[in-house]
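Beneath this line is the structure, given in structure tokens, with notes to follow.
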Amino acid sequence: FRRLKEGLKRSSNALSTGITDIFTKRKLDDDVLEELEELLITSDIGVSTSAKITANIARTRYNKEIAPDEIKEALAEEVAAILEPVTRPFVLDESRKPHVVLVVGVNGSGKTTTIGKLAKQYADAGKKVMLAAGDTFRAAAIEQLSIWGERTGAPVMTTKVGGDAAGLAFSAYEQAKANGTDLLLIDTAGRLQNKGHLMAELEKIIRVLKKLDADAPHSSILVLDATTGQNAINQAEIFGKVCDVTGLVMTKLDGTARGGVLVAIADKFGLPVHAIGVGEGIDDLQPFAAMDFARALSG
Ligand code: GDP
């Protein structure tokens, strides 16, 4: 929690200072409420979500004198109420052997890093983990995943740069089935510049995985970078159309002023949030906890 609180300091500082400025010795009247709503919007919480939170806070407190700390507490409760229904840890389905996870998101969002962190957690728990370097467009992505494989002891299936990602995913799944792997994490390309191609490729990967098991992939985790703010909302929208996103990981919540975007996304899409990234290190993936996040955000 301390780590998250430090990470969200820039997000919470803006909110906290703003709240103190707005509320010092003032009643919760329309002007103050408008300022509060503006403050939430500038914290990337999103227009409709900010309006909803403000209205809820006003409901029992309208025209009353409120101390900044009371507002912070009320804000934390409202944010937690939005986040609690989507708080859902990733659970490994032991009956699958392997549980196949497709990891999607735009380049640079932290897919490869998140795969490495997840691999570490499950390898530490004694599970057999395998990785597939399905972002075949970038040599660096293949190399990065191989490095995470070495760090975690998980075998990494690769193909040459420009190789067929769907074919690779199929072979990795076959091999993982044959050798009793518990968890297969498949990295994918995330070039949003060419949406048609991105869609076609992800659809093809999904189609070939289904040849081995109609339920595969068993999870499709979308990785979103908190520092991109409102762009993360567009990404959730786009990837939601391409694949059946079963959960989110939000990365780079260490040191961003834009952490509020997670609240906007939770409210808009209702997608389960599995975990958050709070650093580049192998242990910097935390299970998502609604109230901790809400308190760290509201200062
Ligand atoms: P990919 O292109 O989606 O696979 O993204 P990468 O996993 O290669 O990550 C892109 C950059 O973001 C790398 O420099 C990572 O170290 C960094 N990164 C990933 N997750 C986090 C995080 O939670 N916090 C911070 N500060 N950096 C992160």
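Atoms within each ligand, like the ligands themselves, are counted from 1 in listed order. These numbers come from the heavy atoms of this one structure, side chains and all, not from hydrogens, waters or symmetry mates.
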Tell me the protein heavy atom at minimum distance from [atom], and give that distance in Å.
atom: atom 16 (O) of ligand 1; value: Glu280 OE2, 2.5 Å
atom: atom 26 (N) of ligand 1; value: Asp254 OD2, 2.7 Å
atom: atom 7 (O) of ligand 1; value: Thr113 OG1, 2.6 Å
atom: atom 5 (O) of ligand 1; value: Gly110 N, 3.0 Å
atom: atom 2 (O) of ligand 1; value: Gly108 N, 2.7 Å
atom: atom 4 (O) of ligand 1; value: Thr112 OG1, 2.6 Å
atom: atom 3 (O) of ligand 1; value: Lys111 N, 2.8 Å
atom: atom 18 (N) of ligand 1; value: Lys252 CE, 3.8 Å

Would you say the side-chain atoms of [X] and [Y] include a donor-acceptor pair closer than 3.5 Å?
X: Asp30; Y: Tyr62; answer: yes
X: Asp187; Y: Thr112; answer: yes
X: Arg191; Y: His197; answer: yes
X: Arg10; Y: Asn13; answer: no

In ligand 1, which numbered atoms sit nearer than 4.0 Å to a non-hydrogen atom of [X]?
X: Val106; value: 3 (O)
X: Asn107; value: 2 (O)
X: Val278; value: 23 (O)
X: Gly277; value: 23 (O)

I want to know if ligand 1 touches [X] in the polar sense, i.e. an N/O pair below 3.5 angstrom.
X: Thr251; answer: no
X: Arg138; answer: yes
X: Gly279; answer: yes

Checklist entry - Below 4.0 Å from any atom of ligand 1, is there a heavy atom belonging to Ala141? => result no
Next on the checklist: Check for me whether Met250 has a heavy atom closer than 4.0 Å to any atom of ligand 1.
Outcome noted: no
Checklist outcome for this item: Closest heavy-atom pair, Met130 versus Gln175, reported as atoms and distance to 0.1 Å, is CE-CB, 4.0 Å
Next on the checklist: Using every non-hydrogen atom in the two residues, find where Val129 and Pro155 come nearest and quote the distance to one decimal.
Outcome noted: O-CD, 3.2 Å
Checklist entry - Taking side chain as C-beta onward, heavy atoms only, is Thr49 less than 4.5 Å from Ile82? => result yes
Checklist entry - Should the ring pair Phe90 and His99 be called parallel, tilted or perpendicular, given that the plane angle runs from 0 to 90° and is split at 30 and 60? => result tilted
What distance separates [X] [atom1] from [Y] [atom2], expressed to the nearest 0.5 Å?
X: His274; Y: Leu222; atom1: NE2; atom2: CG; result: 10.0 Å
X: Asp254; Y: Glu280; atom1: CG; atom2: CD; result: 7.5 Å
X: Met250; Y: Thr256; atom1: CE; atom2: OG1; result: 9.0 Å

Item to check | Gln286 and ligand 1 - part of the residue with a heavy-atom distance under 4.0 Å | outcome: neither
